[in-house]
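Shown next, in structure tokens, is the structure this report addresses.
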There are 2 protein chains.
Amino acid sequence: MNIKEAGARAGLPPKTIRYYEEVGLIRPLRDTNGYRVFRETDVHKLGFLGRARALGFTLEDCRVLLSLYEDKSRASADVKDIAQRHLDQISAKISALQDMQATLSHLVACCAGDDRPDCPILTGLAAPE
Amino acid sequence: MNIKEAGARAGLPPKTIRYYEEVGLIRPLRDTNGYRVFRETDVHKLGFLGRARALGFTLEDCRVLLSLYEDKSRASADVKDIAQRHLDQISAKISALQDMQATLSHLVACCAGDDRPDCPILTGLAAPE
DNA sequence: TATAGGGGTTCCTGTTACTGGAAGGTCAAT
DNA sequence: ATTGACCTTCCAGTAACAGGAACCCCTATA
């Protein structure tokens, strides 16, 4: 099948698929006219990549996960390790965002939001505390 | 003062300060030798930018916030608007991350993490559900 | 058979907010 | 005079694509 159908079935835009090939994550065949030809296994890999990306893994993580997926003598510990590290990063990001949220929502709550210039948000940004 | 001291006082690396000048967020003076010269108001602005960035505002938001800060006839509603929109984005990001966290931590909890190949994480990535 | 459309291809640019590094000028102290 | 710590500009790289230009290919229809 061609790139558009492969994309539709894997839930990825053609641009992304071409990019994945460029960075060596997939290797679709080529037709005599130069068109990429996708097999079922290619679509399967694309789906794998799409789901891994949706979970926030970097493409480099995806590369390793994909190679582990195809390595039948893998140790699940290696997979778990990558996933756990990623979970840690997710937690860190959530915390950082929650800190921002707490600070900012406090400032916003204190702001009248009318046509006068006085604004605790700007005051808060102008000086700590 | 020179860029290093300005950076130390505002909590920003010199590289970042040069970048802020390049994109027009600040306009420090120049000494005859070509060195940037920072006044108190410049350091003040840099501090403002640093705190806005720490709250996750984009540089474009920072640009607008800074101009509002200097506009004594501003309406606080304009500031609040920007902040509220940013809060909404923060909430959306937190939700997305929490979804990832929920899915991934479930998979991780199901993975033995030993030297055997069987791995629910990979299985989960290979097929939805 | 000419053409229109809807594919496909490569290549280049732009995105965000910097960071690292090279090549070279400046300044204060020894 | 030299050393070392500053400073300068400019270029490349980062992540993961998206948009668009210029061009090729294939099929169906008038």
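Computation of the quantities below employed the complete heavy-atom set of this structure, encompassing side-chain atoms and omitting hydrogens, waters and symmetry-equivalent molecules. Chain letters run A, B, ... following the sequence lines, proteins first, then strands; residues in each count from 1.
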Minimum heavy-atom separation for [X] to [Y], with atom names?
| X | Y | answer |
| --- | --- | --- |
| Leu87(A) | Ser105(B) | CD1-CA, 3.7 Å |
| Cys62(A) | Leu49(A) | CB-CD2, 3.8 Å |
| Phe38(A) | Ala6(A) | CG-CB, 3.6 Å |
| Ala112(B) | Arg116(B) | CB-NH2, 4.1 Å |

Requested in this report: Have a look at the helix from dT1(C)-dA30(D) to dT30(C)-dA1(D) and give the angle its two end axes make, five pairs each, rounded to 10 degrees.
Outcome: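 Answer for the end axes of this duplex: 40°.
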[N] [atom2] sits how many Å from [X] [atom1], rounded?
| X | N | atom1 | atom2 | result |
| --- | --- | --- | --- | --- |
| Glu21(A) | dT10(C) | CD | C1' | 12 Å |
| Glu5(A) | dG6(C) | CD | P | 18 Å |
| Lys4(A) | dG6(C) | NZ | C1' | 8 Å |
| Ile17(A) | dC17(D) | CD1 | P | 11 Å |
| Arg18(A) | dG7(C) | CZ | C1' | 10 Å |
| Lys15(B) | dC10(D) | NZ | P | 12 Å |
| Tyr19(A) | dG19(D) | OH | C1' | 16 Å |
| Met1(B) | dC6(D) | CE | C1' | 16 Å |

Report task. With a 4.0 Å heavy-atom cut-off, tell me which residues in residues 27-40 of chain A come close to DNA chain D, sorted by residue number. Result ->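 Here the set is Asn33(A), Tyr35(A).
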Report task. Identify, with sequence neighbours excluded, every residue that meets ring-ring contact (aromatic ring centres under 6.0 Å, His included) alongside Tyr20(A). Result ->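 For Tyr20(A) there are no ring-ring contact (aromatic ring centres under 6.0 Å, His included) partners, ignoring immediate neighbours.
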Query raised in the report: Which part of the nucleic acid, if any, lies within reach of Pro13(B) when heavy atoms closer than 4.0 Å are counted: base, sugar-phosphate only, or nothing?
Result: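 Since only primed, P, OP1 and OP2 atoms lie under 4.0 Å of Pro13(B), the category is sugar-phosphate.
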Query raised in the report: Which residues, if any, of residues 42-68 of chain B bring a heavy atom under 4.0 Å of DNA chain C?
Result: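 Heavy-atom cutoff 4.0 Å gives Arg53(B), Thr58(B), Leu59(B).
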Query raised in the report: How about Asn2(B) and Lys4(B): do any of their side-chain heavy atoms sit closer than 4.5 Å?
Result: no
**Report entry** Leu107(A) and Thr123(A), any side-chain heavy atoms less than 4.5 Å apart
**Finding:** no
Query - N/O (side chain, Thr16(B)) to phosphate O (OP1/OP2, dA17(C)) under 4.0 Å - result: no
Query raised in the report: Under the side-chain hydrogen bond (donor to acceptor under 3.5 Å, both in side chains) rule, what pairs show up with a residue in residues 39-60 of chain A, not counting sequence neighbours?
Result: Arg9(A)-Glu40(A), Arg39(A)-Asp42(A), His44(A)-Tyr69(A), Lys45(A)-Glu70(A), Glu60(A)-Arg63(A)
Query - Listed nucleotide nearest any side-chain atom of Ile3(B), set dA17(C), dG21(C), dT8(D) - result: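 Nucleotide nearest to Ile3(B)'s side chain: dT8(D).
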Query raised in the report: Can a donor-acceptor pair be found between the side chains of Asp118(A) and Ser76(B) at a distance below 3.5 Å?
Result: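 Per modelled atom types, Asp118(A) and Ser76(B) side chains form no pair under 3.5 Å.
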Query raised in the report: Which residue pairs pass the salt bridge (Lys or Arg N to Asp or Glu O under 4.0 Å) test when at least one of the two sits in residues 77-92 of chain B, sequence neighbours left out?
Result: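 As it turns out, the salt bridge (Lys or Arg N to Asp or Glu O under 4.0 Å) pairs with a partner in residues 77-92 of chain B, which skip direct neighbours, are Asp81(B)-Arg85(B).
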**Report entry** Spacing of Leu46(B) atom CG and Glu21(B) atom CD [to the nearest 0.5 Å]
**Finding:**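 Nearest 0.5 Å value for the CG-CD distance: 10.0 Å.
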